Amino acid sequence: MALQVYNVLHREKVPFKPLHEGKVNMYVCGPTVYDHAHIGHAKTYVSFDVVVRYLRFSGYDVLYVQNITDVGHMLDSGEDRILKKARQSEAGPMQIVETYARSYFEDMDALGVVRPDISPRASGHIPEQIKMIEVLLERGHAYVSDAGHVYFDVYSWPEYGKLSNRRLDEQQAGSREDVREDKRHPEDFALWKIAEPEHILRWTSPWGVGYPGWHIECSAMAQKYLGETFDIHGGGVDNIFPHNECEIAQSEAAHGQDFARYWMLAGTLLVPDEFGIPVKMSKSLGNFYTIKDALKLHRPEVLRTFILTSHYRNQIVFTEDVLESAQKGWERIYAAVRLTREKLRQAPEGEAGNAFLDVLQKARTQFVEAMDDDFNAPGGLAALHELTREVNTLLNSDQEVGQAVLEAIDATYRELGGDVLGIVPDDDVALSGANAQREDGLVRLLIDLRAEARADKDFAKADQIRDRLLELGVTLEDRPDGTIWRAE
RNA sequence: GGCGACGUCGCCAAGUGGUAAGGCAAGGGUCUGCAAAACCCUCAUCGUGGGUUCGAUUCCCACCGUCGCCUCCA
């Protein structure tokens, strides 16, 4: 069965057929950079990272675009949050935005998230946004209000609401009093706002000095880099309305053709509140846990494993317990990988044990079937776990295992676990670098000394070596063919 | 109130119209000088009540519960 994708636009799983054979143009809504990214962001971007990785693994040529929102938007209070932050730190707004944009890339790099091919910034695409607003005005889908702001007229676009299933006549207008009552309809959304005097982030436009509305940047940048119609649009479900809905309306109204063909939205990451009730992790609620903090305690592969144990469309609740069980599960897979590589150091040449290649093929098939089913990463992970059981059985048996098979096992882990899921490191991090090599040599020296003690039945000394190494975070494992070590 | 998602073993979590993957935890074994690791065995009838069906956890309806969106948010 070929790749199936759940398309939020029609609420159904459908075969994936890109616009151009073999190529996939994809856009994912990026972060607003006014603070450090948290693990909620990690969930979304790791999820789409795996989507991109799997598409590439499947042979597609993917062009991946993800924006950086750095123009600032309005808070309830009417106070721009980037400006607020700038005032707190007495730094210029662009400096703030730069700081957090760098921080974001740093975090994503650390998580092993492959960088988008293009990371366009909203602030660098003001002309494109202005152009698009002009088109919308020309086509009668937008208007300039008495106060000089430009709004999209949602009633001019009958399909408004098709993604989020909202009908304008059913909206509870006025449930929240809008101060800016210069709109024709309360549901109309801003394309361009005239800046108040204290608003520092501002650009000149045909309608006066101001700044773009929140939604227009994605429409303008997606169009610029991916075309008027492209394949996949991703993001977090929490932005389905109004953001994604507005993107579709303004893009399709401006271009007269379909915007994104497949909409993929990732579920929200929740975190228990003080009463244990799960609530969304968000900057505004202040209940967030930054990626930087998480990485102080956990390896990036473990964070990714945690995220991938649940399907991307589902919500997940973040707790240390669940993270820990993800860690244990990941360790099991990684231990088998390390054992394979350890054996590879001195494997007999030849084809011994080649019957195992069937097992690898089976695992690969199981993995692909899961991932083809709307990127079912939990299923893919299960395939790796089942493979791991077989690998452990083989590698712990008396059976001779030749280099060819070991290399095939390693290659399978590298491809499925490494290239696609990003949870299997290329090389043991602990063994790279000059100091690490020396450490490896020192531990192996101690292992040799302990082996001599064991041969002499001097178990007191042997255990002393093992215990003291354990205190240093080094665990020894005695195997029939020798002792191996690992660091915490 | 409207829109959406979800409720599967102690915890996390896939999935299917014909009696349910995987991980963590737990219990029992094997291996080991002892450990560690690994392997083997054990461990669920799928929120509640109806309906459709030869048969439903899987389809439909109702109800209960949880979360997300309707305002800046990944």
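To find a chain, count down the sequence lines: A is the first, B the second, and so on, and within it residues start at 1. Just so we're clear, the structure is a prediction, and the values are computed from it rather than from any experiment.
Remark: the Arg389(A) side chain and the A38(B) base include no donor-acceptor N/O pair separated by less than 3.5 Å. Judged by distance alone, with hydrogens and angles left aside, Arg11(A) brings no side-chain donor or acceptor close enough to the base of G4(B) to form a pair under 3.5 Å. Looking at Asp463(A), its side chain comes within 3.5 Å of the base of G33(B) through a donor and an acceptor atom. Between the side chain of Asn314(A) and the base of C67(B), no donor-acceptor pair of N or O atoms lies under 3.5 Å. The base of C69(B) is paired with the side chain of Arg166(A) by a donor and an acceptor separated by under 3.5 Å.
Residue Lys328(A) is classed as a sugar-phosphate contact, given heavy-atom separations below 4.0 Å to backbone atoms only. In this structure, His38(A) reaches the bases: a heavy-atom distance under 4.0 Å links it to at least one base atom across the strands shown.
Between Leu269(A) atom CG and C6(B) atom P the separation is 17 Å, expressed in whole Å. One can place CD of Glu342(A) at 20 Å from P of A36(B), the figure rounded to the nearest angstrom.
Between Lys280(A) and A74(B) there is no side-chain N or O to OP1 or OP2 distance below 4.0 Å. Within the structure, a side-chain polar atom (N or O) of Thr32(A) is placed less than 4.0 Å from OP1 or OP2 of A74(B). In this model, the phosphate group of G4(B) is not approached by any side-chain N or O of Ser164(A) to a distance below 4.0 Å at OP1 or OP2. The side chain of Asn376(A) contributes no N or O atom lying less than 4.0 Å from OP1 or OP2 of A14(B). The side chain of Asn396(A) places no N or O atom within less than 4.0 Å of a non-bridging phosphate oxygen (OP1 or OP2) of A37(B).
Candidate nucleotides C69(B), G4(B), G33(B) were compared by shortest atom distance to the side chain of Gln315(A), and G4(B) ranks first. Checking G15(B), C34(B), C69(B) against the side-chain heavy atoms of Asp373(A) singles out G15(B) as nearest. Which of A13(B), C34(B), C67(B) sits closest to the side chain of Ser310(A) comes down to A13(B).
Ring-to-base geometry does not place Tyr45(A) in a stacked arrangement with A74(B) (centre distance under 5.5 Å, plane angle under 30° required).
Taking atom C1' in both G29(B) and G47(B), one finds a spacing of 37 Å when rounded to whole Å. Here the separation of C43(B) from A20(B), taken at their P atoms, is 12 Å to the nearest Å.
Two residues, Ser282(A) and Ala382(A), neighbour RNA chain B, and the one matched to the more 5' nucleotide by heavy-atom proximity is Ala382(A).
Ring to ring, Tyr225(A) and Phe230(A) are not that close: their centroids are 6.0 angstrom or more apart.
Relative to the six-membered ring of Tyr334(A), Arg338(A) meets both conditions, a distance below 6.0 Å and an angle of at most 45° to the axis.
Evaluation of the salt bridge (charged side-chain N to carboxylate O under 4.0 Å, His left out) test over residues 305-330 of chain A, restricted to residues two or more places apart or in two chains, returns Arg313(A)-Asp374(A), Glu324(A)-Lys328(A).
For His243(A), the ring pair (Phe, Tyr, Trp, His ring centres under 6.0 Å) criterion is met by Trp214(A), His215(A), not counting sequence neighbours.
Looking at Lys43(A) and Ser310(A), their side chains never come closer than 4.5 Å, going by heavy atoms from C-beta outward.
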